Number of protein chains: 2
Amino acid sequence: MQRNTQQRAAIDRALAEADRPLSPREILEGARRSVPDIGIATVYRAIKDLLAEQRVVAVDVPGAPPRYEAAGKPHHHHFLCRQCDRMIDLPGCPGQLSRLAPPGFSVENHELTLIGRCPDCAAPKTRRPRKQPARK
Amino acid sequence: MQRNTQQRAAIDRALAEADRPLSPREILEGARRSVPDIGIATVYRAIKDLLAEQRVVAVDVPGAPPRYEAAGKPHHHHFLCRQCDRMIDLPGCPGQLSRLAPPGFSVENHELTLIGRCPDCAAPKTRRPRKQPARK
DNA sequence: GTACTAATGACAATATCTTCTCAATAACGA
DNA sequence: TCGTTATTGAGAAGATATTGTCATTAGTAC
């Protein structure tokens with residue numbers, strides 16, 4: 001039987017508060033605000049369960065492992081900031097994207113990511129720190 | 001001084017003949033038609049050099065490592081067949097994609113991939129084999 | 001409060017992709 | 001043809017992300 005642990009609650013809270021796709025590490029950091037000693041394995045276990053329950057969806061990231069956000073949002077796409085590495089929801093979809101495919105292709109889905117600088121990083125005064133290069 | 005080896009020529013040929021983004025493994029298989037004993041390390045070394053010379057570009061693949069195709073083509077996007085796993089060029093771009101981003105975002109680039117079945121796999125008679133599950 | 005056991009944290013183990021090492025080979029200028 | 005050395009193939013090693021193991025902890029029914 002499934003138990004309501006503080007760790008699961010902290011992970012739910014982190015995902016809800018962010019309202020954007022988070023990497024497992026970002027989920028970990030968010031959850032640590034509630035449960036400082038939570039471990040990364042617990043985050044991966046929770047992601048697996050949440051995906052199975054369809055309470056979160058995986059979001060593909062160009063050139064990186066997927067991130068995860070709450071399921072049930074209307075169809076939308078994402079912006080990836082190449083400075084702070086955060087992924088942010090963009091409302092809406094241009095539509096008609098399937099028309100790019102010539103006849104004979106069966107289009108079932110599409111992935112669209114805009115890449116650049118988010119408002120925080122584009123503004124010269126309030127820069128967020130650059131993404132940390134992977135720890136050695 | 002750079003030498004013109006059979007291996008490099010085979011890799012160039014594989015990329016040119018495919019005219020679509022290839023994974024390192026696909027490049028290896030293509031090149032082996034010319035040089036049967038070529039190794040994967042040689043393919044990675046060639047990719048690195050070709051990227052530095054800007055003779056090929058990396059193409060991001062949702063949920064997989066990047067593939068590589070000849071540089072210099074007009075702006076275009078790609079189709080990913082979820083059955084045979086091939087990536088295929090699509091001509092053109094819907095345009096105006098930057099408009100999805102609210103004011104404040106600085107959009108520098110975009111990635112668009114349509115996903116589904118390519119004509120070969122969608123047609124019931126001439127199915128290509130499914131992607132091989134990664135070798136054990 | 002107790003007993004049962006799901007869930008956890010730490011870290012080992014996988015899995016996958018890419019790069020490095022090095023002896024052997026082959027491209028090419030002389 | 002010969003000598004030099006860039007390039008190669010094979011396998012080891014590295015890098016990173018994810019999952020497995022297991023003793024311990026903590027939800028929950030009673």
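Fair warning: this is a prediction, and the values are worked out from it, not measured in the lab. Residue numbers begin at 1 in each chain, while the letters A, B, ... track the order of the sequences.
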Checklist entry - Separation of B:Arg25 atom CZ from C:dT18 atom P, in whole Å? => result 10 Å
Checklist entry - Can you list the residues that meet the ring pair (Phe, Tyr, Trp, His ring centres under 6.0 Å) rule with A:His78, with sequence neighbours excluded? => result A:His76
Checklist entry - Which residues satisfy the side-chain contact (heavy atoms from CB on, under 4.5 Å) test with A:Thr5, sequence neighbours excluded? => result A:Arg3, A:Gln7, A:Arg8
Checklist entry - Looking only at heavy atoms, what is the nearest atom pair of B:Met87 and B:Asp60, with distance? => result CE-O, 3.9 Å
Item to check | Contact state string [nucleotides 18-30 of chain D, B base, S sugar-phosphate only, - no protein heavy atom under 4.0 Å] | outcome: SBBB----BBS--
Checklist outcome for this item: B:Ile38 CD1 to D:dT7 P, in whole Å, measures 14 Å
Item to check | Separation of C:dC11 P from A:Asp37 CG (nearest whole Å) | outcome: 13 Å
Checklist entry - With the threshold set at 4.0 Å, does a side-chain nitrogen-carboxylate oxygen contact exist between B:Arg55 and B:Asp49? => result no
Next on the checklist: Please enumerate all residues that pass side chain to side chain donor-acceptor pair (under 3.5 Å) together with B:Glu29, with sequence neighbours excluded.
Outcome noted: none
Item to check | Under 3.5 Å side-chain donor-acceptor pair for B:His110 and B:His75 | outcome: yes
Item to check | Ion pair B:Arg33/B:Glu17, N-O distance below 4.0 Å | outcome: yes
Checklist entry - Quick one: A:Arg32 CZ to C:dT8 P, roughly how many Å, whole number? => result 14 Å
Item to check | Bend angle of the helix from C:dG1-D:dC30 to C:dA30-D:dT1, end axes from five pairs each (to 10°) | outcome: 40°
Checklist outcome for this item: For A:Arg99, the side chain to side chain donor-acceptor pair (under 3.5 Å) test, sequence neighbours excluded, returns A:Gln96
